[in-house]
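Notes to accompany the following structure.
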2 protein chains.
Amino acid sequence: MTYAVGMELPLDQILLGDCIELMRLLPSGSVDCVFADPPYNLQLRGELRRPDDSLVDGVDDDWDKFGDFAAYDTFTRNWLVEVRRLMRKDATIWVIGSYHNIFRIGSILQDLGFWILNDVIWRKSNPMPNFRGRRFTNAHETMIWAARGKESRYRFNYAAMKALNDDVQMRSDWLLPLCTGSERLRNQHGLKLHPTQKPESLLHRVLLASTGVDDIVLDPFTGTGTTAALAKRLRRRFIGIERHPDYAEAAIGRYRRERPLPIDSVMATPAKRDLPRVPFGSLVERGLVPAGTRLMDKQRRITATVSPDGTILSGTIRGSIHQLGATLTNAPSCNGWTFWHFERDGILITLDVVRTESTQVVREEAG
Amino acid sequence: MTYAVGMELPLDQILLGDCIELMRLLPSGSVDCVFADPPYNLQLRGELRRPDDSLVDGVDDDWDKFGDFAAYDTFTRNWLVEVRRLMRKDATIWVIGSYHNIFRIGSILQDLGFWILNDVIWRKSNPMPNFRGRRFTNAHETMIWAARGKESRYRFNYAAMKALNDDVQMRSDWLLPLCTGSERLRNQHGLKLHPTQKPESLLHRVLLASTGVDDIVLDPFTGTGTTAALAKRLRRRFIGIERHPDYAEAAIGRYRRERPLPIDSVMATPAKRDLPRVPFGSLVERGLVPAGTRLMDKQRRITATVSPDGTILSGTIRGSIHQLGATLTNAPSCNGWTFWHFERDGILITLDVVRTESTQVVREEAG
DNA sequence: TTCCTGGTTGAATCCGTGG
DNA sequence: TCCACGGATTCAACCAGGA
């Protein structure tokens, strides 16, 4: 197989055509995140259709059932192989599906070397009831979130997700409404343009969780362009592919009309590990935690004294705030910033509080 | 391969041994429902510590270790083939797993000709957090509910599920707590006997949804016997298989100690058009007002018995707590929450007290 | 008896950077 | 690619003990 050498990445575009063929023209290792909503095409309405939309005949015998799954598996493997080639080493992928297809997809993802990070459940707040009363109301869809490989150092905006969820960790089950009302794209007859248009809230959360500003997002099954719209709104770059001309046209119009949010608003909530580092010694130096200060753990069971060079001393043992915390509690490691306290105005505060105060001072001075 | 011809079905027993080998000795087409909790193939690497430096007691048992996906797939296919042979034509199977294994299981189920009816999400109300902040909190597990084949005329107790769920259709996402506290089996050192004991409320709902009185339930990975206990409690017949002697011994003892509920209370609620609102069902399911509990009015003149689906029974009259209160007092209406009492520690308390105590119910209504 | 606090725990594929 | 080390990271329940 040959690839177009040196082809430019078609950024912020929606390409019309077959995603496998078009992806073969794009350069390897070029996208940061993928969202894919592939066709389900299984066991619907008495007729079976292959992924290429051709009709499967002879529905009832076992051979054809197997043939149908095999065709779907081949299709799935083919597009996932191309997607994986386009992903940077640390990129992640989201794939959404239902019980008809998600187990095939999950298995093939694993077989291809993707590393599953979570399966995320979209709980629909307003699902269609089960009219015949023969099953549980099918009230959710499943998304698989996976890194390109086990070794990927993927992006997860933990602090942003926690902030979005009332300051507790975001769980793997998300309650979101279906795409209805004015958000739903319709044709001139008022009929829905696409049978499975995804809600914007879903893509909002997906992109906010796993991408940064200017990251390149690929959607090989763009449909009516929910991923495209949210990528533009959140100031991510976008590459979309859609085979059906009506859908592609709708998605392109939607993408053009979308306006990016102000740049400040789309910056991710900073994670603590991304904040500037402050050596403990500089707090001692600046007198914020003076040498000689008596440090103790929360229960006041362990104490230590601050030395002028930023080490601390307990009995005859000397070391960094982290080292001594670990040694004195027989722990393999210790975060000295949150372990050690000292008394100020009669109450115990952690070193972390002082550190936070000090960076604020620095920022005010700098700003 | 040869099978023992005419072997009696070992009903209401827990067999010690490898499930694939033992299932080969059992006659075809003999069970009505299967619940299977196979090893998840977690592939945990190092140790994990909480932010307070305490060690997480992860699953490191040998029975959860497989060489690779191919080995796990072979194991899965082998036990599913035997299970399917034992299933009657109209039987259904439940398999529970996490993202580590559930996609393999779902694909193999489909390949073997099983017909998936639902994927059901067990949303954990109290999951373990993600301690490193690198993923979404893994807050659910997935159950696949499937019929033996597309043509199966399977059992689904629609009315009972609706009654259990506030008189709206039961959805495919279930909020239930982990198995903790006194429900958790422990050894003489107070340590958990089994790393992954399932909560009784989960099996309560599974068996109530998909089996009838005297149906034969098979659990090829019995573990500490939650399926066994609930089968006996709900008056289903049971066949269990467990390979590990310690688990099997615990399960057998647990099964012996379990007592069946009164026969009237476990009969499925007959399908009716308009059942009253019964949010009471979730308290029953969770054992806060156990099925079989004797309810009475304040003067102890009227009594009724709690059924597993949240209806109550007085003589031959069955209905919601509200309906029966009204009927038995010849009143136009009745608030069952304040009308019905039961004895706890020698004193009468109202159902409303239990409802108030149950913070979980409040959250489920809100969620 | 009740309320409060502190301790423990649960199917978990759980770090990033710089030398 | 490997190793060392700084330091970031948790939620809901249940239980025991003391006020």
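So you know, we letter chains A, B, ... as the sequences are listed, proteins then strands, and number each from 1. These numbers come from the heavy atoms of this one structure, side chains and all, not from hydrogens, waters or symmetry mates.
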Q. Counting any heavy atom closer than 4.0 Å, what does B:Thr180 reach on the DNA or RNA strands: base, sugar-phosphate only, or nothing?
A. sugar-phosphate
message: What's B:Asp64 touching, base or sugar-phosphate or nothing? Going by heavy atoms closer than 4.0 Å.
response: base
Between B:Arg134 and B:Asp57, whichever has its closest DNA chain C nucleotide further toward 5' is B:Asp57
**OP:** Remember a base hit wins even if backbone is also touched, and classify B:Asp37 as base, sugar-phosphate or nothing at under 4.0 Å, heavy atoms.
**Re:** base
B:Met128 CE to D:dT9 C1', in whole Å, measures 14 Å
(message) Is it the case that the ring center of B:Trp174 lies less than 6.0 angstrom away from the ring center of B:His204?
(response) no
Atom CG of A:Asn118 and atom C1' of C:dA12 are separated, to the nearest Å, by 11 Å
Next item on the list: Have a look at A:Cys334 and say if it touches a base, only the backbone sugar-phosphate, or nothing, with a 4.0 Å heavy-atom cut-off.
Entry: base
- Query: Which is true for B:Asn130 with a 4.0 Å heavy-atom rule: it touches a base, it touches only sugar-phosphate, or it touches nothing?
  - Reply: base
Check: Reckon A:Arg153 touches a base, only the sugar-phosphate, or nothing at all at heavy-atom distances under 4.0 Å?
Finding: base
From the list B:Phe103, B:Tyr40, B:Trp79, B:Phe66, ring-ring contact (aromatic ring centres under 6.0 Å, His included) with B:Tyr72 holds only for B:Phe66
When rounded to whole Å, the CZ to C1' distance for the pair A:Arg155 and C:dC14 reads 18 Å
Hey, is the side chain of A:Tyr158 poking within less than 4.0 Å of OP1 or OP2 on C:dG16, counting only N and O atoms? no
Is B:Asp173 salt-bridged to B:Arg171, going by a charged N under 4.0 Å from an acidic O? yes
Rounded to whole Å, CZ of A:Phe156 lies from C1' of C:dG16 at a distance of 16 Å
Just call it for B:Pro199: base, sugar-phosphate, or nothing, with non-hydrogen atoms closer than 4.0 Å on any strand. nothing
- prompt: Taking N and O atoms by type only, does the side chain of B:Asn138 place a donor or acceptor under 3.5 Å from a partner on the base of C:dA12?
  reply: no
Per the glycosidic torsion and the 90° limit around 0, nucleotide C:dT13 is syn
Considering only NZ, NE, NH1 and NH2 on the basic side and carboxylate oxygens on the acidic side, decide whether B:Arg205 and B:Glu285 come within less than 4.0 Å.
yes
Exercise for the section: With heavy atoms under 4.0 Å as the rule, sort B:Arg132 into base, sugar-phosphate or nothing. Expected result: base
Q | C:dT13 versus D:dC5 - spacing of their P atoms, nearest Å | A | 29 Å
Rounded to whole Å, CZ of B:Arg49 lies from P of C:dA12 at a distance of 16 Å
Testing C:dT13, D:dA8, D:dC11 for proximity to the side chain of A:Arg355, the answer is D:dA8
Check your understanding: With a non-hydrogen cut-off below 4.0 angstrom, is B:Arg45 in contact with a base, only sugar-phosphate, or nothing?
Key -> sugar-phosphate
Nearest-Å distance once atom C1' is located in both C:dG10 and D:dT10
12 Å
*asked:* Below 30° counts as parallel, above 60° as perpendicular, anything between as tilted: where do the rings of A:Trp337 and A:Phe280 land?
replied: perpendicular
Contact class for A:Lys162 vs. all strands (heavy atom < 4.0 Å): base, sugar-phosphate, or nothing? sugar-phosphate
Between A:Phe339 and the options A:Thr350, A:Asp352, A:Thr329, the side-chain contact (heavy atoms from CB on, under 4.5 Å) test singles out A:Thr329
Checking only heavy atoms, does the side chain of B:Lys124 share a donor-acceptor pair with the base of C:dA11 at less than 3.5 Å?
no
Q.
What's the gap between C:dA11 and D:dA8 when it is taken at their C1' atoms, as a whole Å value?
A. 25 Å
B:Leu176 CG to C:dA11 P, in whole Å, measures 14 Å
Between CG of B:Asn101 and P of C:dA11 the distance, given in whole Å, is 14 Å
Classify B:Lys192 by what it touches in the nucleic acid, base, sugar-phosphate, or nothing, heavy-atom distance under 4.0 Å.
sugar-phosphate
Sorted by position of nearest nucleotide on DNA chain C, 5' first, the leading residue of A:Arg277 and B:Val59 is B:Val59
Between CZ of B:Arg135 and P of C:dG16 the distance, given in whole Å, is 11 Å
Check your understanding: Looking only at atom P, what distance separates C:dT8 and D:dT9, rounded to whole Å?
Key -> 23 Å
Test side-chain contact (heavy atoms from CB on, under 4.5 Å), reference B:Thr224, set B:Leu193, B:Thr196, B:Asp246, output is B:Leu193
Suppose you measure atom P in D:dG6 against the same atom in C:dA12; what distance do you get, rounded to whole Å? 30 Å
Notebook entry, point to check: Counting any heavy atom closer than 4.0 Å, what does B:Gly97 reach on the DNA or RNA strands: base, sugar-phosphate only, or nothing?
Noted result: nothing
Ranking B:Ser182 and B:Asp52 by the position along DNA chain D of their nearest nucleotide, the one closer to 5' is B:Asp52
Is the aromatic ring centre of B:Phe131 closer than 5.5 Å to the centre of the six-membered base ring of D:dT10, with the two planes inclined by less than 30°?
-> no
